[in-house]
2 protein chains.
Amino acid sequence: MNVTQDPHQRHEVKVDLMAVVAAVIDNCPRALTIKQGKALPSGPFELGHRSLQAGLRDWVEQQTGHRLGYIEQLYTFADRDRMADEPERAISISYLGLTRDERKDGQAPRDWRSWYDYFPWEDHRKGPPAILADFILPRLKVWAEGPGEEAGEERYHRIAVAFGLDGRPWNEELVLQRYELLYEAGLVDEALRGRKGSHTPPVPGRSMIADHRRILATGIARLRTKIKYRPVVFELMPPVFTLLQLQRAVEALSGRLVHKQNFRRLIEQQELVEETGETTSETRGRPAKLFRFRPVVLMERTAAGTKLPVIRA
Amino acid sequence: MNVTQDPHQRHEVKVDLMAVVAAVIDNCPRALTIKQGKALPSGPFELGHRSLQAGLRDWVEQQTGHRLGYIEQLYTFADRDRMADEPERAISISYLGLTRDERKDGQAPRDWRSWYDYFPWEDHRKGPPAILADFILPRLKVWAEGPGEEAGEERYHRIAVAFGLDGRPWNEELVLQRYELLYEAGLVDEALRGRKGSHTPPVPGRSMIADHRRILATGIARLRTKIKYRPVVFELMPPVFTLLQLQRAVEALSGRLVHKQNFRRLIEQQELVEETGETTSETRGRPAKLFRFRPVVLMERTAAGTKLPVIRA
DNA sequence: CCAATTATGCTCCGATTGAGCATATCATAT
DNA sequence: ATATGATATGCTCAATCGGAGCATAATTGG
C-alpha cells in the first residue's frame, strides 16, 4: 500500500480475527491458547474465508485442532500498538466461543489454560485472593496518589469501584476495568514493554503477546455477565450432568461461590433442566440425579433469561 | 487491489463506520438520519482518522452537524450485500451513540426520525399495535407453513417467541429477532430488492438503504437491554428534569408503559437522582420537583446497575 | 455399625415488586 | 370563589423472590 499521506485518502486495512474460546475443565475455567499460553488463536481475514465467523473458525481449528460451536462477537478495535506511528493499520475483530473439551484419544492435546493463571486476582471462590491485599491494592494506592494528570480522588474512586473497597461489593463482572487499571498503573507486564528504565516488577499473573490478555479479560467479563441472564452455560456442559457439576461450572466462571440449595431451587423453578431418570455415584456421598437441558430451552435460548444466584457480600 | 485469487492471500479491506445516534425528543425515541431518513450517518475509515471512534465522530458531525457524546460499539459485520460475489469486501463497524438534541437557534435542523417510523410494531405504549394482529402475524403464519427447508414447527416457534404468542410475554428487547424474521419471511422492503417477480407488498414501516435498518434494530435492541441494568438514560436527559419526564423517556425507549408510583420508588431508592430544590409548572397539574442525576452515579456508571421496571404482561 | 460425605427437601425472614388507594397542589373553566 | 381536571406524591397490601440455615436421605470407607 503506497498511499500518499493525504488525510482524506480512503485506505484499506488488514483485518485480524481472534478468539477467546472458553471451557470448564476440572472445575476450572479455561481458555484455548497457542504459543505456550502466550497468545489466543488468531489469524488474518483472508480472501478464501466465506465470512468473518468462518474465517475465525478456520484459524482456531487450524491452530488448535478444536472445532468451534457457539460463538459471538466480542469487540472490534484498532490495534493500539500500531496506532501511534504507522499509517498502515490493522483491525482486530474478536469473538467469544463456548465449548467443551471433546478431545478424542489420539488427538493432540489442546493448550487449555486457566483464566486465573492470567488473572489470579479474579478467583474469589476461596475468598478474596491474598495477592489483592498484599500486592495489588497497596501498589494501586501508590499509583493513585502518585504523579499524573488525574491522580488522587478520581483514581482512587475508580480503584474503589473496580475492586470493591470501602464497603462496596466485589463485582465479578468488572474484569476488564480491573485489568485496565492495572495496565494504566503500570503494574502488568504488557504496560512495561518498550518502556526504558527500571520498573517495579509486575503484579502476579501470566502475560500474553500484544493485547491478547486484554481481549481475554473482555471475554471473561462478557461471559460472567451473560451467564446471569442467558442460559449459555449449556454450551459448556456435557449433555448430561448433576446439579452440583452445573453449580461448580457456574462458580468456576464467576469466581464466586453459590448457595447450594438456592442454586438448585433456582435452576428447577426456571425449568431449565429435566431429570434423565439416571443417577450417578461417581462421588462419594449419596448418588446424584442426572439432568439434561430441556430441549425447549435450547431453542428459546436467544430469548430466555436465566438468573443465576451469586452470593453477595 | 489486484490480488490473485489465491485463497490464502491475505488481503486488505475497506472499513465503514456507521452510527445509530439516539435521542428522545417530544416523548419519542429518535435516530439521527441522513438522506431523508433513508440512511444512518456513515462513512469510510480514512487515513486521517486518529481512531475508529474519532472517525465515526467526524463523519456524524460532518453529515449531520451533531457532535456526539457517549458512544459504544454495536457490531461489526461484513456487508452481506457484497459478500456473495465480489472479492473486494467491506466491513462495517457500527456504534450506538446517546445524546440530546442540543441544537442552538440558527443551526440547521437535524433529521431526527422516530424509531417507530421504521418499526411501527415496536411501540406498545398504547397496547399492541393493530398492524401486528392485522398484517404481520397472519403473514408470518403463512410463511411459517409455506415452503422452505425449515418451515413448520420450527418457524412457528421462532415467531411465537419473538412476538410473544401463545401466552408468552412480549419481550421488548427482541427487536432484532423480529426484524430478521420479517426479513426472512420476505415481508420487508429490504428483503425484496433485486428479487424478480411480484411479491406481496411489504409490511408497514419505512425502509432504509443497504442494511441500515437492521443496524438500527440492533441499536434499539441494545439500548432497550442496557437501560435496564446500566444508568444510560442520563445521556439522553437534559441536566434537570422531572421524574415524569424521566419516566416518559424510559417508556419511549422501551415502547412500554411503566407504573408511575413504582417507577418513582425505584428511582429514589436507587439513589440515582437528587432534588435540585426547584419545581416546574410547565405542565398543567401540581408542579413537579426537579431532579438531576447524582454526580457519583455519573462517575460509577460503568459499574452501577439500574433496574428499570417495565410492566410485564 | 459408625463417620464422613454428598444430595435433597423444607422453613423462615427480610427485601423487592406489582398494583392500587388516597391526598396534595396546581391551572382553568364556570 | 368554586368546581373540575390534571398531575404529583405518599402510603398500603399482598405476592414473590432471594439469602441463609436446619434437617433428613443415601451413599462409601473403615
Side-chain angles (χ1 to χ4, degrees), chain A residues 27 124-125 127 169-172 227-229 240-251 254 256-292 305-313, chain B residues 27 124 127 169-172 227-229 240-251 254 256-292 304-313:
Chain A
N27 286 339
H124 286 231
R125 284 175 294 178
W170 172 261
N171 183 341
E172 73 276 0
I227 205 179
K228 288 196 205 143
Y229 65 98
V240 159
F241 49 86
T242 71
L243 290 185
L244 187 60
Q245 284 165 355
L246 182 61
Q247 179 183 343
R248 293 281 178 248
V250 169
E251 290 176 334
S254 66
R256 321 187 66 171
L257 294 181
V258 155
H259 181 105
K260 193 168 174 175
Q261 296 93 319
N262 291 349
F263 181 80
R264 313 172 111 267
R265 176 174 65 187
L266 201 66
I267 297 296
E268 283 170 358
Q269 85 189 13
Q270 297 206 179
E271 302 186 314
L272 292 180
V273 299
E274 60 190 15
E275 299 185 12
T276 66
E278 317 266 294
T279 60
T280 179
S281 43
E282 285 179 8
T283 52
R284 266 177 295 187
R286 169 175 173 176
K289 290 181 192 164
L290 286 170
F291 290 81
R292 72 171 75 89
T306 329
K307 303 171 209 155
L308 293 176
V310 173
I311 282 177
R312 292 188 183 172
Chain B
N27 286 338
H124 286 230
W170 172 261
N171 183 341
E172 74 276 0
I227 205 178
K228 289 196 203 142
Y229 66 99
V240 159
F241 49 85
T242 71
L243 291 185
L244 186 61
Q245 285 166 353
L246 182 62
Q247 180 182 342
R248 293 282 178 247
V250 169
E251 290 176 336
S254 66
R256 320 187 67 171
L257 293 182
V258 154
H259 182 105
K260 192 166 174 176
Q261 295 93 319
N262 292 348
F263 180 79
R264 311 173 114 267
R265 177 173 64 189
L266 199 66
I267 296 296
E268 282 170 358
Q269 87 189 13
Q270 297 207 178
E271 302 186 312
L272 292 179
V273 298
E274 60 190 16
E275 300 185 11
T276 65
E278 317 264 296
T279 60
T280 179
S281 43
E282 284 180 8
T283 52
R284 265 176 296 188
R286 171 175 170 174
K289 289 181 192 165
L290 286 171
F291 291 82
R292 71 172 74 89
T306 330
K307 303 171 208 154
L308 293 176
V310 171
I311 284 178
R312 292 188 183 171

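Below, chains carry the letters A, B, ... as their sequence lines are ordered, and counting in each starts from 1.
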So, does B:Q269 get its side chain near the phosphate of C:dT17, meaning an N or O under 4.0 Å from OP1 or OP2? yes
For B:L246 and D:dA8, what is the distance between atoms CG and P respectively, to the nearest whole Å? 12 Å
Kindly indicate whether the side chain of A:T242, heavy atoms from C-beta on, has any atom under 4.5 Å from the side chain of A:L290. yes
Roughly, in whole Å, what's the span from CZ in A:R264 to C1' in D:dG19? 17 Å
Phosphate OP1/OP2 of C:dT8: any A:K260 side-chain N/O under 4.0 Å: no
For A:T279 and for A:G285, locate the closest nucleotide of DNA chain C by heavy-atom distance; then report the residue assigned to the nucleotide nearer the 5' terminus. A:G285
Separation of C:dT25 atom C1' from B:K289 atom NZ, nearest Å, is 12 Å
Considering heavy-atom distances to DNA chain C, does B:R265 or B:Q261 have its closest nucleotide positioned more toward the 5' end? B:R265
Is there side-chain contact between B:F263 and B:V250, with heavy atoms separated by less than 4.5 Å? yes
B:P287, nearest nucleotide to its side chain (from D:dG10, D:dT7, C:dT25): C:dT25
For atom CG of B:L266 and atom C1' of C:dA15, their distance in whole Å: 13 Å
If you define the side chain from C-beta out and look only at heavy atoms, does anything of A:K260 sit under 4.5 Å from A:L244? yes
Which distance, rounded to the nearest 0.5 Å, do you find between the CD of A:Q247 and the CD of A:E251? 4.5 Å
What is the distance, rounded to the nearest whole Å, between atom NE2 of B:H259 and atom P of D:dC11? 15 Å
Protein-nucleotide distance (A:N262, atom CG; C:dC10, atom C1'), rounded to Å: 12 Å
May I have the distance from A:R284 (atom CZ) to D:dA25 (atom C1'), rounded to whole angstrom? 18 Å
A:R286: what forms a side-chain contact (heavy atoms from CB on, under 4.5 Å) with it, not counting sequence neighbours? none
Measure from the side chain of B:R286, starting at C-beta and using heavy atoms only, and say which of D:dA26, C:dA24, C:dT17 lies closest. C:dA24
How close or far is atom P of C:dA24 from atom CG of B:L243, stated in whole angstroms? 20 Å
